2 protein chains.
Amino acid sequence: MKYEPDFCKIDDALTIIVGKWKPIILLHLLNHGTQRFSELRSQMPGITQKMLTKQLRELEEEDIVSRKVYPQVPPKVEYSITDYGRTLQPILEAMHEWGTKHHAHRLKKENTASHES
Amino acid sequence: MKYEPDFCKIDDALTIIVGKWKPIILLHLLNHGTQRFSELRSQMPGITQKMLTKQLRELEEEDIVSRKVYPQVPPKVEYSITDYGRTLQPILEAMHEWGTKHHAHRLKKENTASHES
DNA sequence: CTGTATCCCAGGTGATACTG
DNA sequence: CAGTATCACCTGGGATACAG
């Protein structure tokens, strides 16, 4: 095993799911199935069109999500998780679970730290 | 479940392990046990002192690694994974495994794409 | 409706030098 | 040996306007 970022396979996995909105997008598609661009957008208050497009494109590039365009006016584009993308689900769920516990862990730490000054 | 980055627990987990050298540092400490600062440094060609210090401090702040200082001259500082940090191991291993497969996945994709131009 | 294009800023990272 | 301090760069991300 090479101990450099370029050879670390964990980093290979991280680059897929890192991105301010990527985990949320993946949760949406995993839990709610195929979604239109506008559906995703409306469920994520705060994201800009540019960002949603960009994050989706990056996920598509890695075969995690698929993009289906309906050639019509006005345009209709649907996004969904690929079978390959679904292999990420266990990891995402494990991280969600760990993250939830860690959130509580931090709160407890902050409380005990409130003794000082 | 809130669909915003600030409430996404996956992001809570990600912030812990994201950092150019953090996965590598964690692998070192998980596989080789307690390590001195200079030992970590020598096994990670390319990292600077500043970065190694910073990444370790951030991991320490989250109770993932512990730091033991020996008050002597010259200084000696040892780093090790905490029991709490060890709860991340399954996730790291899952990501390593997925990342390894994904690496191959990408190579195959590049080859089939070599038809064009 | 589903995008692009442009400008901008903050933060993560690196190079380098200095210190107890 | 194990750090800090400083400067500089680059990329991710946001705001906004425009387009097919």
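Just so we're clear, the structure is a prediction, and the values are computed from it rather than from any experiment. Sequence lines set the chain letters: A, B, ... in the order given, protein chains first and strands last, and positions in each chain run from 1.
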[atom1] of [X] versus [atom2] of [N]: gap in Å, rounded?
X     : N      : atom1 : atom2 : answer
B/K76 : D/dG3  : NZ    : P     : 13 Å
B/M51 : D/dA5  : CE    : C1'   : 13 Å
B/L52 : D/dT4  : CG    : P     : 11 Å
A/I47 : D/dA15 : CD1   : P     : 11 Å

For A/E78, report the nucleic acid contact type (base, sugar-phosphate, nothing); a contact means any heavy atom under 4.0 Å. nothing

When all nucleic acid strands are considered with a 4.0 Å heavy-atom cut-off, which category describes B/R36: base, sugar-phosphate, or nothing? sugar-phosphate

Closer than 4.0 Å, any side-chain N/O of A/T48 to the OP1 or OP2 of D/dT16?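 False: A/T48 side-chain N/O out of range (4.0 Å or more) of D/dT16 OP1/OP2.
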
Using OP1 and OP2 only, check whether a side-chain N or O of A/Q55 sits under 4.0 Å from D/dG13.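 Result: yes.
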
Minimum-distance nucleotide (side-chain atoms of [X] versus [options]):
X     : options              : result
B/R57 : D/dT4, C/dG3, D/dA2  : D/dT4
B/Y79 : D/dG3, D/dG13, D/dA2 : D/dG3
B/T53 : D/dC1, D/dG3, C/dT2  : D/dG3

Take A/R57 and A/E61 through the test salt bridge (charged side-chain N to carboxylate O under 4.0 Å, His left out) and record every step on the way to the result. CA-CA 6 Å; A/R57 286 291 193 287; A/E61 177 67 21; over 6 Å; no

If you count the non-hydrogen atoms of other residues, nucleotides and ligands that lie under 6.0 Å from CZ in B/R106, is the total more than 12?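 Atom CZ in B/R106 is not packed in, count stays at 12 or less.
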
Polar pair under 3.5 Å, donor/acceptor by atom type, side chain B/K50, base C/dG14: yes

Same cluster for B/V69 and B/L40 if Ile/Leu/Val/Met/Phe/Trp/Tyr side chains link at under 4.5 Å?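 Yes, it is one cluster - the side chains of B/V69 and B/L40 are joined through contacts under 4.5 Å.
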
Centroid-centroid under 6.0 Å between B/H102 and A/Y84 rings: yes

Walking DNA chain D from its 5' end, the first of A/K20 and A/P75 to be reached, judged by nearest nucleotide, is A/K20

